[in-house]
Structures are given as structure tokens and as C-alpha cells.
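Here the structure is laid out as C-alpha cells; the discussion comes afterwards.
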Protein chains: 2
Amino acid sequence: MSPEIPEEGTKHAKRSYHHGSLHPALIDAGLALARTGGPSAVVLRAVSREAGVSHNAAYRHFANHEDLLAAVGERAMAELGRLMLHRMAGITAPDEARLAQARLAAIGRAYVDFALAEPGWFRTAFSGATAHPHPPAAGAHPPLPEPPPDPLPEPPPDPGTDPFLILGAALDHLVTAGTLPATRRPGAEYAAWSAVHGLSALLVDGPLRTLPEAEARRAVESVLAVVARGL
Amino acid sequence: MSPEIPEEGTKHAKRSYHHGSLHPALIDAGLALARTGGPSAVVLRAVSREAGVSHNAAYRHFANHEDLLAAVGERAMAELGRLMLHRMAGITAPDEARLAQARLAAIGRAYVDFALAEPGWFRTAFSGATAHPHPPAAGAHPPLPEPPPDPLPEPPPDPGTDPFLILGAALDHLVTAGTLPATRRPGAEYAAWSAVHGLSALLVDGPLRTLPEAEARRAVESVLAVVARGL
DNA sequence: TGCAGATGTGCCCACTGTCAACATTCCGCA
DNA sequence: TGCGGAATGTTGACAGTGGGCACATCTGCA
């Protein structure tokens, strides 16, 4: 209304009408809000406010609220993938077979640990409409062809951090190490992923939410053991 | 404002100021809304409208929106349990061992089928704060002691329809049939439940949402096979 | 230099959950 | 029988939400 002087940069130093990089700034702000409050905290207006911009500015970068939430969820998913990779990298074993097994268990543990340590991000990662275009994939995975460098503004945010692909690689390793019969490889990710994701969901949001820490730990190991035996 | 004649019963016949049984009516209305729209469709005002009552009337029966949603979720959960029981009842087998195995598979299939057939209810059942007081239960389940008939207005809505308890009974059956070593019984529900719940969540809301029907079927069987082998 | 498209702002709307004040009805007790 | 308190429903208001529109401001390219 009144021609008040707008305080000259309320958070970000140089900002005169044009933010410069609102798109990533909005995602970052959303990620911060999602971390503590889950997907429902990723409120368009709060995100815009956090980015030092009026609501509605976001509509220049995202089609709608759902679109923004999906972008934030994708980042949260990548965060999960990053933890899986990190844990996997720290594993050593006397032979290839045991290495492959230990790695599978490690990424499984990482999955649940992430859900428990960052429930806000976990919920957000799976709340969005992040419709993975995972094709049937009932066969073997070639090592990430990724033929056309599609001209999207955002390069697919680290294709290496996709939890599903990380799991697939771990299962492939199990095959080459001779631990998993090749005939059982197709579809194996469904069982492994489902078990670990289900436990995470039940512990974070579901009826197992009240399980005491120690019992939860035991449940994780129990689930991992069943999967290892059953694959 | 103006003293208009209020149409005399807009849906339920006799209703003059007092509804008579608003509490269950609200839950029923919520259940109907949840079925098609999931938990986010269980809107306080819409539910009240559906029950033929002004918004805010619900506050005489539920502490807040979350409370109502939890009640609706509990009913949706019971619906899931009902399907599991129904499917289990239809199973026959030449001997006890195979019967127990087939039953376990049947309730697992029922779980996923329910999620796929009634995604709205499935989401609602697990969205609410229905904090099951499932204690550690790492031991054996005595056959539902249920000692004090607690004076709650709502008798625990059919204790027999609790999916978790149904699963526990099926696993117990596996033990008595000699298929599952008793030493492996503790914690077995975690693996079984997690696998089936995880697959459901991934198929309904998660990255596997775009999986074609046939592939989804295959994934279910794959997951069930791994669990059966791994338990 | 000028102007078209990109980006950000203000104002508006319908809708939501929740609160407080009020109206109506029911039930137990005299 | 009657009456008063406790349940139960209603009305109106509030702040906060996602979203649409017109307009302001800036940036890059001819």
C-alpha cells in the first residue's frame, strides 16, 4: 500500500525484485521445512516466505503446490540414496560373496535408519507424485544406458542416488558373487525393497510407531534375515 | 437469519435438532468419503454435511479433525482385516502344513489386493494416528486374554479384525503345523507384515504406482515366495 | 535504445479447522 | 409433574491455505 522502503534485502543480500535463482531456493526451503514437519509442512506460502519472496512467485517455477512437493520429495529421495551409498562404501568382507551380502544388509539398514532419523524427509520422499518411470525391468539392468542427454533444466538429480537402482546393483552383485541364483534375480528387488520399505513405513507412521527403540532394532535385523534367507 | 422452514429432514427422516446417533453417522460418512478420496477427503465440513448436520457438530463427538480421521482409519483397518479373514476362510489343503502355508499366502494376497482395490481406505487406515498399542510381543500370543472389559463407549471394533492379530494367528498355525520352527516364531510378524505392507505402499502411492497390472501380480507372488522361503 | 518475455507483487476468492456464544433438547431428581 | 443442568446442534467469526488475475519490474536480445 504505502510506498515503504522494503528494508533492502530481508535475508539474502542483493535482491532487487528478481531473486536470481528462485527455483533451487524454493526447493531448499521446502526441504528444510519437510525435514522437521514432513510433507504437510511444505506449504507454498511458507516456502515462499522462507525464500524471501511473495507467495505466487513460486507459480513461475512450479505448476502448483503438488509440483513443488514432488520436487522436494525427489531431493529427499536422493538424500536417502546418498546415505545408502555411504553405508555401502564402508563395508568390507573377506570374500566377494560375503561382501555382497553385507552390502545388501547395509543398504537395508540404511533405509530404515534414514526413515527413523529423518522421518520428515522419508514421508516427503514417498508422499509426492514422484512416479518413477521404472519399467517392468524384470530382466537384467544394463549399467545405466541413459542415452539422450535430455534438455531438462535440472539434470536428473544424480542418477546414482536412486535408491531403487542402488538396490538393483547390490542384487546384481549378489548374482556375480554366486550367492543369488541368476534365476531368482528377476523380481528380487520387489521383495527386498518391499520388506525394508514396509518396515520403515510401519515404524515411522504406522502401527509400529510406538515400538521401543531396542525392539525396533530387533525387528530390522529380523526382517533383513528373512529377506537374506528368502531371496 | 430469516425464519425459513428448514425443509423438515433433508435426508434422514425424523431429525429435529438432535440427530440421535451422530457419532457412527459421522464415521460412516467419513468412510464413504475416504473410500474415493483417501484421508485428505475426510474433511470435517464435508463429513458433517454428509451426515446432514452443521459443521462443528462433529466437535461434540470428536476432539478434532485428527480424532475423527483416526476413527475412520480404524474402521478402514477393520475392513482390511475382514477381507483377510474372508480369504483365509476359503482356503483348503490336503494337510495341515500346506493349509497353514496357503493361509499365510492368502492373507498376504488379501492385504495387497485390498490396497489395490480400495486405495482410499488403505491410505486412510495407515494415515491416522491409530497408534496400535501392540506391545513388543516378542513371545507367544496367548489367545487374546482381554482381561478388563474397559468401559469405553466403543467396544474395540471387533478385536478379531485386527490385521496384525490375524497375521499372528496364521504364523502360530505355521508353528503348530510344524512348518515354522518355533525358534523363528518371535519377530516373524515383522518380516511378513513389512514385506506385504511395503509392497502395497509402493504399489498404491509409491514409485511402483505405474507398474502394469500383470507385473504387479508377479511382484506380489515374488514377495510372498521370498517371505515363505525366508521365514 | 527499445521492447518483448520472464519474473515477482498485490489483491481477491473459496475453502479449511477451530473457537466462542447461543439455541434446543434430553434426562435425572425433587 | 416440573424443573434445571448437561448434552447436543447451530451460527458466526477468525486466521491460514492453494490458486487466479491484473499489474509492476526487470533482463536480454534485436
Side-chain angles (χ1 to χ4, degrees), chain A residues 1-12 14-27 29-30 33-34 37-72 127-129 153, chain B residues 1-12 14-27 29-30 33-34 37-72 127-129 153:
Chain A
M1 287 294 186
S2 53
E4 299 188 321
I5 298 156
E7 274 298 356
E8 227 290 78
T10 329
K11 187 163 278 192
H12 296 77
K14 50 169 178 181
R15 241 225 75 204
S16 56
Y17 208 89
H18 274 70
H19 182 286
S21 54
L22 231 200
H23 188 102
L26 288 172
I27 298 186
L33 290 170
S40 69
V42 184
V43 170
L44 207 61
R45 295 168 110 101
V47 171
S48 307
R49 207 178 308 132
E50 203 71 16
V53 111
S54 93
H55 81 280
N56 264 1
Y59 283 96
R60 301 296 172 185
H61 301 275
F62 299 94
N64 49 32
H65 175 234
E66 183 189 346
D67 193 25
L68 166 62
L69 188 59
V72 174
S127 80
Chain B
M1 286 294 186
S2 54
E4 298 188 321
I5 298 156
E7 275 297 357
E8 228 291 74
T10 330
K11 187 163 279 192
H12 297 77
K14 48 169 177 180
R15 238 225 76 205
S16 57
Y17 208 90
H18 275 68
H19 183 285
S21 54
L22 229 200
H23 188 102
L26 288 171
I27 297 185
L33 290 170
S40 70
V42 184
V43 170
L44 212 66
R45 295 167 111 101
V47 170
S48 306
R49 205 179 309 132
E50 203 70 16
V53 111
S54 94
H55 79 280
N56 264 359
Y59 281 96
R60 302 296 171 186
H61 301 273
F62 299 93
N64 50 31
H65 176 233
E66 184 189 345
D67 194 25
L68 166 61
L69 188 59
V72 174
S127 80

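Heavy-atom basis, side chains included; hydrogens, waters and symmetry copies ignored. Letters go in sequence order (proteins before strands), and every chain restarts at 1.
Summarising the geometry, the separation between CG on A/D67 and P on D/dG19 is reported as 10 Å, rounded to the nearest angstrom. As rounded to whole Å, 16 Å separates atom P of D/dG20 from atom CZ of A/F62. Atom P of nucleotide D/dG18 and atom CG of A/L69 are separated by 10 Å, given to the nearest angstrom. Here C/dG17 presents its P atom at 13 Å from CD of B/E66, a figure rounded to the nearest Å. Rounded to an integer number of Å, the gap from A/N56 CG to C/dT7 C1' is 12 Å. Spacing between atom CZ of B/R60 and atom P of C/dT18 amounts to 14 Å, rounded to whole angstrom units. Taking atom CG of B/L22 as the reference point, atom C1' of C/dT24 lies 14 Å away to the nearest angstrom. A/H23 places its NE2 atom 15 Å from the C1' atom of C/dA6, with the value rounded to the nearest Å.
Listed pair A/R49 / C/dT9 fails the phosphate criterion, with no side-chain N or O lying under 4.0 Å from OP1 or OP2. Contact check, A/H61 against C/dG8: a side-chain N or O comes under 4.0 Å of OP1 or OP2. Of the side-chain N and O atoms in B/Y59, one or more sit less than 4.0 angstrom from OP1 or OP2 of C/dT18.
Residue B/F62 is tested with B/L22, B/L44, B/L26 for a side chain to side chain contact (heavy atoms under 4.5 Å, CB included); the sole match is B/L26.
The closest donor-acceptor contact from the side chain of B/H61 to the backbone of B/L68 lies at 3.5 Å or more, if one exists at all.
In this structure, of C/dG17, D/dT10, C/dT9, it is C/dG17 that holds the atom nearest to the side chain of B/H65. Nearest nucleotide to the A/A57 side chain, out of D/dT10, C/dG8, C/dT18: C/dG8.
Side-chain N/O atoms of A/N64 and base N/O atoms of D/dG18 include no donor-acceptor pair closer than 3.5 Å. Judged by distance alone, with hydrogens and angles left aside, B/R45 brings a side-chain donor or acceptor within reach of the base of C/dG17, the pair sitting under 3.5 Å.
A/H55 comes within contact range of at least one nucleobase, with a heavy-atom separation under 4.0 Å.
A heavy-atom distance below 4.5 Å is not found between the side chains of B/V43 and B/L33.
Applying the side chain to side chain contact (heavy atoms under 4.5 Å, CB included) criterion to A/S40, with sequence neighbours excluded, gives no partner residue. B/R60 pairs by the side chain to side chain contact (heavy atoms under 4.5 Å, CB included) definition with nothing, not counting sequence neighbours.
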